[in-house]
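Here the structure is a predicted model, which means the values were calculated and not measured.
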Amino acid sequence: MVKQCPSCGSKLVSGFRAGTEQIEEQVKKMFPKARVLRMDADTTAKKGAYEKILTAFSNEEADILLGTQMIVKGHDFPNVTLMGILLADMSLGASDYMASERTFSLLTQAAGRAGRGEKKGNVVIQTYQPENYAIQYAADQDYGGFYREEIQYRKLLLYPPVWHLLAVEVSSKEDDTALLFAGRCKELLDKICAGLNRGQTPPRVLIIGPAPASLSRLKDCYRYVVYVKCRKYGTLVTCKDRIELLCAAVNPEGKLPLSVQFDFDPVSSW
């Protein structure tokens, strides 16, 4: 957590949250005569609520539609001329190699909601990182520019699509059990990859972890992840097969409170 502003040196730095309900209150204060619809997990919990809100907005029964990411994808409202995006850089902080790509994609989709008819549209992006390349290229709607810069990071760090990636997630209701078996997976992977990497610079296979998952505890289960990077997809399949054999040997009848999952070229963080 940043404790001091890197720009001005101020120590008055803290985290905050701004939910859709708080934003709705501010919008109504700023535009007291506007009809406002809010679309989030709460307002769409009931069956048919999602369609009801979109239909009402499409029929011009409201002037402003605010909500979470669910309002930015695939909707076509010809009379929408202004799109505002708050906290555009929030997704950049995710511990995920696709964070910049996901941010760029989300912002370009959101921007595409304005000006879809004969009327011109404007997009306002609020961000604390206006210099970030993902936000810059999204504001310019420059797909090619974003790809050329993003692919350099993927090449430098050997992430998909340059190399393939295997995520091995080990979970258990017992923290020691999960961490111990994740360590055994790492030892096995080291043995598998030792021969492949012998005399190779840079190495053909890279192993990262074990480390706590980005969500280290879920539904009372502790979660650890080991990542394997390799240019050859088949090598990762071999790693997965060997770990499955290890699981069968250590936990033949599934009596241990242990679960192992695999994800090839994951599109979301573990």
Side-chain angles (χ1 to χ4, degrees), residues 1-2 91-103 133-134 147 149-270:
M1 179 66 185
V2 176
S91 55
L92 290 173
S95 56
D96 186 346
Y97 75 94
M98 293 186 67
S100 294
E101 178 183 348
R102 194 167 286 113
T103 299
Y133 68 97
Y147 170 79
E149 186 152 353
E150 175 67 13
I151 199 65
Q152 296 304 316
Y153 289 106
R154 302 289 179 93
K155 290 178 179 178
L156 180 66
L157 300 173
L158 305 177
Y159 277 118
V162 181
W163 276 30
H164 291 291
L165 178 67
L166 170 64
V168 183
E169 187 222 48
V170 181
S171 63
S172 174
K173 291 186 179 296
E174 300 174 1
D175 190 17
D176 291 342
T177 300
L179 180 57
L180 180 63
F181 191 76
R184 293 194 62 176
C185 290
K186 169 67 162 53
E187 292 174 1
L188 175 61
L189 291 169
D190 284 338
K191 292 179 181 179
I192 296 172
C193 301
L196 296 173
N197 288 335
R198 188 173 295 116
Q200 298 294 322
T201 304
R204 292 180 178 178
V205 187
L206 293 175
I207 304 170
I208 304 171
S214 56
L215 189 58
S216 61
R217 190 176 181 184
L218 178 65
K219 295 180 179 179
D220 292 328
C221 284
Y222 297 90
R223 307 164 72 229
Y224 290 88
V225 185
V226 180
Y227 290 102
V228 188
K229 295 180 182 180
C230 184
R231 188 182 296 276
K232 294 184 178 181
Y233 191 87
T235 300
L236 299 184
V237 174
T238 299
C239 292
K240 186 267 297 182
D241 292 342
R242 293 286 297 277
I243 291 176
E244 286 183 333
L245 291 175
L246 176 64
C247 292
V250 171
N251 195 16
E253 298 180 3
K255 294 181 179 180
L256 293 177
L258 186 69
S259 173
V260 180
Q261 298 184 59
F262 304 93
D263 196 356
F264 289 86
D265 293 339
V267 294
S268 59
S269 59
W270 282 56

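Arg223 places a side-chain N or O within 3.5 Å of a backbone atom of Leu215 that can act as its donor or acceptor partner. Although no hydrogens or angles enter the test, the distance criterion places a donor-acceptor pair under 3.5 Å between the side chain of Thr103 and the main chain of Ala99. In this structure a side-chain-to-backbone donor-acceptor pair under 3.5 Å is present from Thr238 to Gly234.
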Quiz item: Do Leu206 and Val228 pass the side chain to side chain contact (heavy atoms under 4.5 Å, CB included) test, and can you show the C-alpha distance, the side-chain angles, and the key distance before you say yes or no?
Solution: CA-CA 6 Å; Leu206 293 175; Val228 188; over 6 Å; no
Quiz item: Between Tyr224 and Asp175, does a side chain to side chain donor-acceptor pair (under 3.5 Å) hold up when you go through it step by step?
Solution: CA-CA 9 Å; Tyr224 290 88; Asp175 190 17; 2.6 Å; yes
Exercise. Begin from the C-alpha positions of Thr235 and Val205 and carry the test side chain to side chain contact (heavy atoms under 4.5 Å, CB included) through to its verdict.
Key: CA-CA 9 Å; Thr235 300; Val205 187; 4.2 Å; yes
Exercise. For side chain to side chain contact (heavy atoms under 4.5 Å, CB included), just list the numbers for Tyr159 and Lys229, CA-CA rounded to whole Å, side-chain angles, deciding distance to a tenth of an Å, and then say yes or no.
Key: CA-CA 7 Å; Tyr159 277 118; Lys229 295 180 182 180; 3.5 Å; yes
Exercise. Starting from the C-alpha separation in whole Å, work towards a yes-or-no answer on side chain to side chain contact (heavy atoms under 4.5 Å, CB included) for Leu179 and Tyr222.
Key: CA-CA 8 Å; Leu179 180 57; Tyr222 297 90; over 6 Å; no
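Side-chain contact between Phe181 and Leu246: present, with at least one pair of heavy atoms (C-beta onward) separated by less than 4.5 Å. For the pair Ser100/Met98, no side-chain contact is recorded, criterion being any heavy-atom separation below 4.5 Å from C-beta on. Glu169 has its side chain out of reach of Asp263: every pair of non-hydrogen atoms, C-beta onward, lies at least 4.5 Å apart. Under the 4.5 Å side-chain criterion, counting only non-hydrogen atoms from C-beta, Val225 is not in contact with Val168. The closest side-chain heavy-atom distance from Ile151 to Val162 is below 4.5 Å. Side chains of Ser259 and Val170 form no contact here, defined as non-hydrogen atoms less than 4.5 Å apart. Side-chain contact between Glu244 and Phe262 is present, with at least one heavy-atom pair separated by less than 4.5 Å.
To the nearest 0.5 Å, the span separating OH on Tyr97 from CG on Leu165 amounts to 6.0 Å. Taken from CD1 in Ile243 to CG in Leu166, the straight-line distance is 6.5 Å, to the nearest 0.5 Å. For the atom pair Thr177 OG1 and Leu258 CG, the distance stands at 7.0 Å (nearest 0.5 Å). Separating the CD atom in Glu187 from the CD1 atom in Ile192 is a distance of 12.0 Å, to the nearest 0.5 Å. With values rounded to the nearest 0.5 angstrom, Gln152 atom CD is found 11.5 Å from Leu157 atom CG. Here the SG atom belonging to Cys221 is positioned 4.5 Å from the NZ atom belonging to Lys173, to the nearest 0.5 angstrom.
Under 3.5 Å, the side chains of Ser214 and Ser95 contain no donor-acceptor pair of N or O atoms.
Looking at residues two or more places apart in sequence or on another chain, you find a side chain to side chain donor-acceptor pair (under 3.5 Å) between Glu150 and Tyr133, Arg154. Taking the salt bridge (charged side-chain N to carboxylate O under 4.0 Å, His left out) definition, one finds that Asp265 meets it with nothing, sequence neighbours left out.
With Phe264 as the aromatic partner, Lys240 does not meet the cation-pi criteria of under 6.0 angstrom to the ring centre and within 45 degrees of the ring axis.
Residues Asp220 and Arg217 come closest through the heavy atom pair OD1-NH2, 3.8 Å.
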